[in-house]
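Just follow the structure's listing: the first ligand is 1, and inside any ligand the first atom is 1. From a predicted model like this one, the values you see are computed outputs, not experimental measurements. Numbers for residues simply follow the sequence, beginning at 1.
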Amino acid sequence: MSRLIRAVIEPRSLRHNLNTIRERARRARVMAVVKANAYGHGLVPTALALADADAFAVARLEEGLALRAAGITQPIVLLEGVFTSEQLLEAARHGFDLVVHDALQVELLEEMSGAHRFVLWIKIDTGMNRLGFPPREFAAALERVRRLKSAPLEIRLLTHLACADEPPEHMTNEQLRRFRETTRGLDYSVSIANSAGVFGSAQLNCDWVRPGLALYGASPFADRTAEQLGLDPVMSLESSVIALRSITAGETVGYGAAWKAAHDTRIAIIAAGYGDGLPRGLPTGTPVLIGGRHAPIVGRVSMDMIAVDVSAVPEVHVGTAVLLWGPGLPVEEIARHAGTIPYELLCSVSQRVPLELR
Ligand SMILES: *Cc1c(COP(=O)(O)O)cnc(C)c1O
């Protein structure tokens, strides 16, 4: 019998998705976003599979260090920059490119000892109100960065979109307008688009794009599937049946006796639970793929197990493989059942689930 639960990663799909993104954003360079353990897909194997990316982007210094330790030589962008002088020196030592989103980070650069020449991405807050210089503070920040004792190797500009994944486009258009107004007359490379931006308006695909979710083959849109975008799912979350029982009408299944059989039912117990990263809130009716058919989860998700009604799939036996999401059962669909987004499900796959490359 195969491993009870595992996340199988398909490197060919990663490369396919990168190519799809390149076709959408032909003139842009691609910064592959691999933060949060590559959205649960494994930081290093994902970066190795995406060797063609023009750069990698991570959220934290430690993620960048792990990439360098694995021999990754491409540019690595720290999307949140650094927060202490020690981190700044570490970033210099490992040749990381830095986002600068705050005056404190400019100060760190001004006070840095040594003469490292960074690629610096100055972040402009055009409406997300999370990180970045508000437009009225941008000119002063740029001036200080230009005057750094240790001149930047290159200055680039970025902003992040709040609503690229949903119509109407007022917010995105307003952010784009503010970005253009703030950067008018400047001749630096710019980056605006995340995954939703890449598949949104062509004006968002400027010098650099920053896709994360799309690389992993999931759609950021509620109304367009990954397949419609030309993306292939990269992760298959697979498990198998560890027990079967036949229950009679009126019996209940699982904790809280939360589900009651309306008629005689064949139940398969699957080795996958919230200890593996499935949301405990997955409701009855959420599908799994078993024996090539959709079958509904019934009752509560436990730590190590779920129960599935397989009355309509007679060939199921102990050991039958089960797909929790992957090709044929998009993670976006499971996310809708869970009342969340594919990002969260992918990032939540827990430590005890082995990652395997196909
Ligand atoms: C995470 C992140 C991205 C990638 O977003 P996706 O929606 O996954 O494509 C891009 N840019 C920044 C600044 C991010 O933090």
Pairing residues for Leu186 by the side-chain contact (heavy atoms from CB on, under 4.5 Å) criterion, not counting sequence neighbours
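side-chain contact (heavy atoms from CB on, under 4.5 Å) list for Leu186, sorted by chain: Phe138, Leu142, Arg146, Leu157, Thr183, Tyr188.
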Could you check whether Arg93 pairs with Glu90 (Lys NZ or Arg NE/NH1/NH2 to Asp/Glu carboxylate O, under 4.0 Å)?
yes
Check this for me, if you would: do Glu110 and Arg144 make a salt bridge, where the nitrogen-to-carboxylate-oxygen distance has to be below 4.0 angstrom?
yes
Check ligand 1 against the protein and report each N/O to N/O distance under 3.5 Å, formatted as atom name, atom name, distance.
unit_1, atom_1, unit_2, atom_2, d
ligand 1, 7 (O), Tyr343, OH, 2.6
ligand 1, 8 (O), Tyr39, OH, 2.5
ligand 1, 8 (O), Leu213, N, 2.8
ligand 1, 9 (O), Ser195, N, 2.7
ligand 1, 9 (O), Ser195, OG, 2.5
ligand 1, 9 (O), Gly212, N, 2.8
ligand 1, 11 (N), Arg210, NE, 2.9
ligand 1, 11 (N), Arg210, NH2, 3.4
ligand 1, 15 (O), Lys35, NZ, 2.6

Is Leu78 reachable from Leu131 through a run of hydrophobic residues whose side-chain heavy atoms are each under 4.5 Å from the next?
no
Short side-chain donor-acceptor distance under 3.5 Å, Gln175 and Thr172:
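Per modelled atom types, Thr172 and Gln175 side chains form no pair under 3.5 Å.
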Got more than 12 heavy atoms from elsewhere within 6.0 Å of CZ, Arg117?
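It does: Arg117 CZ has more than 12 such atoms within range.
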